[in-house]
There are 2 protein chains.
Amino acid sequence: MTPTPDSDLQLLTQAALFDGLTEAQLHTIQQHATLVRVPRRTFFFHQGEAATTFYLLREGQVRLSQINPEGKQVIIHLFGPGDVLAVIVVLSNAPYPLSAEAITDCVAWAWNRETAVHLMEQCPRLAINGMDMVAGRFLELQNRYRELSTERVEQRVARALIRLIHQRNGYQEQKPYPLLSLTRQDLAEMTGTTLYTVSRICSSWEQQGLLEAGREQLHIHKLEELTTIADDLRPSPPNFPPRPN
Amino acid sequence: MTPTPDSDLQLLTQAALFDGLTEAQLHTIQQHATLVRVPRRTFFFHQGEAATTFYLLREGQVRLSQINPEGKQVIIHLFGPGDVLAVIVVLSNAPYPLSAEAITDCVAWAWNRETAVHLMEQCPRLAINGMDMVAGRFLELQNRYRELSTERVEQRVARALIRLIHQRNGYQEQKPYPLLSLTRQDLAEMTGTTLYTVSRICSSWEQQGLLEAGREQLHIHKLEELTTIADDLRPSPPNFPPRPN
DNA sequence: CGCATCGTTGATCAAGCTCAAGCCGCGTGG
DNA sequence: CCACGCGGCTTGAGCTTGATCAACGATGCG
């Protein structure tokens, strides 16, 4: 951990978490921040450890996952730059309910529990922003929960890909949209299915020219088609009238 | 909507949401509150409406559910007295992402969006408490998501019952623990399965003397056994060595 | 009494999980 | 530079869980 150099203040101010704060407040916040580097395949924290720190991710990709007694993993979220790690849990001093692993080399700002609470009590705006970010995550999780309850595997995988493209590349990138450092296993753990099923689905989509599949990467050619797959409701024998309603 | 009578201030102050606030702050909050009554089978709000109001539930049971394009419902949470409704969404002025229906006659305090944001900016403590409550819900949802991903139906139903007993009756009640106003359909929508499967499971449990099943109610006799069912990992043919590890 | 809502149970069937076997590509060390 | 091994991926065969459909029973309410 090294003290944050001045040049970083710029970057800090751009984060959604700090929207609407005054110069002075930003300065205080920045003074209490430390910069951490977390190399690929190592952990920000493990499930069960005391939640002492929260992070604002500057560079890299982070996988938030929970593991159950049987050893099965579930991916709750993938984070990218600008996202906030462990805001929720750091307020109540419960243990981390899940683990955060760097999928690529990461750089993040870190604050500890006490300063976090203190800062929020000083500037309500910070608490409100935090709540807002939690809200977004909450909505996403709610939707994924509904999908897991009601949709078939193929649809869920399609949605997962769409979601990843939106949040990772922030849209702008050219077709074919790339998804890197993403294993079939990851996709399976995101959608509540198995490695095997994901593999079959990807193969089938590749044959249809929908995407190009590679080791730890996919390149999506026809996003629109994925969308129609995701929204396609057909609990019925092949060749069904599109739906009477 | 009627102005809140003074006698209610007592009750207000007990809510976890208002923990650690000063007398003065409580008074302000109370002044902006209105009391609403929502009869059984009617809605606090519907999915898709603009989120204008948030609620603190005083009496009754509320079902938070989301409905998908196909018309399938999913129950995200059941609320009881002291719980907070729609805190998350009222900050961002997005539409309600789900519907809230009274399963029994309800009484609740209500605040509108503007006053909520205003109050939180005034007393950070309120924002922090709100975040804390959201955090709890978030953790629950995360766990249910993992369960839905990794566990079999029977386990999920067992867990759902356990959870309901804890949060409804707050423990203290005598065996047999009662669960009222709870249909098989509700249980199915909570656990991501069908009415039929839940019915079969309940029948089987009843035969084993684990509980007593009735119309819209269950009386749990052996909570402990439910726990062992919930934790029972056996992805293997009957009569399997308990697990070597 | 009749209707609506809720619940039960059997028969059937398919989606997707599991297991097994083998391929491919890459990085490491001999 | 090659070979080896590991991590990731593919594909087939078989099987299980739990969904679906259908018919009927029970309960309560107006």
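In the text below, chain A, chain B and the rest are named by the order of the sequence lines, each starting its count at 1. Scope of the values below: all heavy atoms of this structure, side chains included, with no hydrogens, waters or symmetry mates.
- At least one side-chain nitrogen or oxygen of A:Thr194 sits closer than 4.0 Å to the OP1 or OP2 atom of C:dC17.
- Aromatic rings of B:Tyr145 and A:Tyr145 (six-membered ring for Trp) have centroids beyond the 6.0 Å cut-off, not under it.
- Contact annotation: A:Lys72 side-chain N/O to C:dT18 OP1/OP2 distance is under 4.0 Å.
- Atom P of nucleotide C:dT5 and atom CD of B:Glu216 are separated by 12 Å, given to the nearest angstrom.
- Nucleic acid contact for B:Arg184: sugar-phosphate only, since backbone atoms but no base atoms lie under 4.0 Å from a heavy atom of the residue.
- Between the CG atom of B:Leu187 and the C1' atom of D:dG18 there is a distance of 16 Å, rounded to whole Å.
- Taking the side chain of A:Thr197 as heavy atoms from C-beta on, and the options C:dA20, D:dT20, C:dC17, the nearest nucleotide is C:dC17.
- Spacing between atom CD1 of A:Ile201 and atom P of D:dT11 amounts to 13 Å, rounded to whole angstrom units.
- Side-chain contact annotation: B:Trp205 with B:Glu154, donor-acceptor N/O pair under 3.5 Å present.
- In this structure, A:Glu151 and B:Ala213 both approach DNA chain C, and ranking their closest nucleotides by distance from the 5' end singles out B:Ala213.
- Side-chain N/O atoms of B:Thr183 include none lying less than 4.0 angstrom from OP1 or OP2 on C:dC6.
- Between B:Trp111 and B:Phe54, the angle of the ring planes stays under 30°, which puts this pair in the parallel group of the 30/60° scheme.
- If you measure from atom CD of A:Gln217 to atom P of D:dG7, you get 19 Å, rounded to the nearest angstrom.
- A sub-4.0 Å separation between OP1 or OP2 of D:dA19 and a side-chain N or O of B:Thr193 is present.
- The side chain of B:Leu195 sits closest to C:dT8 out of C:dT8, D:dG8, C:dA20.
- Contact check, B:Ser203 against C:dT9: a side-chain N or O comes under 4.0 Å of OP1 or OP2.
- Here the side chain of B:Thr42 pairs no donor or acceptor atom with the backbone of B:Val38 at under 3.5 angstrom.
- Taking atom CG of residue A:Asp186 and atom C1' of nucleotide D:dC9, one finds them 13 Å apart after rounding to whole Å.
- If you take CD1 of B:Ile103 and P of C:dC6, they are 12 Å apart, rounded to a whole angstrom.
- Counting distance only, with no hydrogens placed and no angle test, the side-chain atoms of B:Arg200 and the base atoms of C:dG7 include no donor-acceptor pair under 3.5 Å.
- The nucleotide whose nearest atom lies closest to any side-chain atom of B:Arg215 is, among D:dG28, D:dG8, D:dA22, D:dG28.
- As a whole-Å value, the separation of A:Arg156 CZ from C:dC17 C1' is 12 Å.
- If you check the side chains of A:Gln208 and A:Ser204, you find a donor sitting under 3.5 Å from an acceptor.
- Atom CG in B:Leu148 sits about 12 Å away from atom P in C:dC17, given to the nearest Å.
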